[in-house]
**Student:** 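Mind looking over this structure? Questions follow.
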Amino acid sequence: MKNYRDFDNYLKEFPNEEGYFGEFGGSFLPKELEPAFKEASDAYEAICHSAQFINELRRIRKEFQGRPTPVYHCERLSKLFGNCQIYLKREDLNHTGAHKLNHCMGEGLLAKYMGKKKLIAETGAGQHGVAIATAAAYFGMECDVYMGEVDIEKQHPNVIRMKMLGANVVPVTHGLKTLKEAVDAAFDAYLKEYDNAIYCIGSALGPHPFPKMVRDFQSVIGIEAREQFLEMTGIFPDAVCACVGGGSNSLGMFTPFLADPVDIYGVEPLGRGSAVGDHAATMQYGTKGRLHGFESYLLQDENGEPLPVYSIASGLDYPGVGPEHAYLRDAGRVNYVTASDEEAMEAFFLLCKYEGIIPAIESSHALAYAIKYAKEHKSGSILVCLSGRGDKDIDYVYENYGCGEQFNIDR
Ligand SMILES: *Cc1c(COP(=O)(O)O)cnc(C)c1O
C-alpha cells in the first residue's frame, strides 16, 4: 500500500506512454480506429505544453466559464453534526452549471489547434451533450451528438438545449437505444470523419489518451480548491471527497492533493441497495475487465458483458469507472465508499434548507458522505466537490420527494 509520500512524481509517471495506470487503462481499438486515436494523442502531447495553448485556455476559464469558482464554508450545516467543518468547491457555479465544461472547453481548444472543424460526442443523460454543444458554439464548430432514442425521449430539456446551441442531435436506433449504442455510433462516425473532426469523450475513461486528457483538464478544480482552502484556513483539509460516475470531477479534485497529507474519498452510488441492477458501485462490487476500449473495474457478467446498473443520479449510472481510479484504489491512496439514493436525497434537502444551494443529485452523493464523515469525526474538516447544480433535477425530485417533507428537516 502507498501513502501520500509516494506521490511526488505521480503526474509525470502516470499514465505511461501506452496509457497505463499500473495494470489499468490502455487502448483496445479496432485496427481502423487506431490512427485516429494516435493522432489525437500525439497532438495533445505536443500542444498541451505550448504557452499559447495554456494562455488561451486560461483566458477561456476566466472570461467565459467564470473561473475560479469559489470555495464555500458551510457553517450552518457543519454545526448540525458537531465541530467538523464542511467546505464546498462550487463547480455548480461554473458556466452551464457543472464541471463537465472544464474538459469540453479543453477538447474544443485542442480541436481548434489541430485544425478540426467538428466535435463528435455521445451523451446519455444529455449533460455531456450540452457541455460539448456549448464548446462547439464558442469555437464556431459543427457538433454531432449521438444519443439513444430512448434517452432522447427521457431527456427532452437537454435535447432542446443542445439544439438551441446549434448542435445536431443524432438519434441512435439500434439495440437498447441508450448510452452504450450511442458510444458505438460516435466511434463509427469518428472513424469516417477524423480528418475533419475530433471525438470528445464525456468522462475520464475510454481509450488512451482520453483518461489522461480529461483528468488534466479537470484538475483545475483541485488546483484552485487547494490554493483557496490554504488561503482561507492556513492548513490542508483533513479530507477531500467527490462523487464518482466515470470519474472526471473526482480525479480533477483529487490529483492535486495526492502528494499532500489529506485523506481522499471517492463516493459511488449504492442506489436502492447491493443487489444486481440496484446500484452502480463499481469499486465495491466490480471485477477487472474491458469496456469501451480500456481496462478497469467493471460490473460485468461471467461473459464480460456489462450488467444493468442503476442510480437515482443519471450521471452516475455507468457500469465501469475510469482506469486511474482503479489504480488509485489498488494503490490504497483513495478510499472508495458509497451513498444510497435516500442518503443522497437527505443531503440534497439539507443543503437546500441550511445553505440555500440546490445541488445536483450526483453531487448530493459526495455531500452525503461528507455528512457521515462529519458525524463520525466531530472535528477537523472535509472539502467536497459540489460537481453541479440541481436545477436539472427539480421536476424529478418534486414528483418523488415533494419539497423534502419526509426528511423532517427542522431549522
Ligand atoms: C456527469 C456528472 C457527474 C459524473 O461524472 P464524473 O465523470 O464522474 O464526474 C457528476 N456530477 C454532475 C453534476 C454531472 O453532470
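Order of listing sets the numbers, starting from 1, for every ligand and every atom in it. It should be emphasised that the depicted structure is a prediction, and the values quoted were computed from it without experimental measurement.
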**Student:** How many angstroms lie between OH in Y265 and OG in S250, if you round to the nearest 0.5 Å?
**Tutor:** 15.5 Å
**Student:** Charged N to carboxylate O below 4.0 Å: is that the case for D42 and K38?
**Tutor:** yes
**Student:** Would you check if I160 and K163 make a side-chain contact, meaning some heavy-atom pair closer than 4.5 Å?
**Tutor:** no
**Student:** Distance to the ring centre below 6.0 angstrom and angle to the axis at most 45 degrees; does that hold for R226 and F236?
**Tutor:** no
**Student:** Pairs of nitrogen or oxygen atoms, one from ligand 1 and one from the protein, closer than 3.5 Å: please tabulate them with distances.
**Tutor:**
from	atom 1	to	atom 2	distance (Å)
ligand 1	7 (O)	S203	OG	2.6
ligand 1	7 (O)	G247	N	3.3
ligand 1	7 (O)	S248	N	2.8
ligand 1	7 (O)	S248	OG	2.7
ligand 1	8 (O)	G245	N	2.8
ligand 1	8 (O)	G246	N	3.2
ligand 1	8 (O)	G247	N	2.8
ligand 1	9 (O)	H99	NE2	3.0
ligand 1	9 (O)	S248	N	3.4
ligand 1	9 (O)	S248	OG	3.1
ligand 1	9 (O)	N249	N	2.8
ligand 1	9 (O)	N249	ND2	2.8
ligand 1	11 (N)	S387	OG	2.7
ligand 1	15 (O)	K100	NZ	2.6

**Student:** Hey, are the side chains of F349 and M345 touching, using non-hydrogen atoms and a 4.5 Å cut-off?
**Tutor:** yes
**Student:** Any luck finding a side-chain donor-acceptor pair between H49 and Y44 under 3.5 Å?
**Tutor:** no
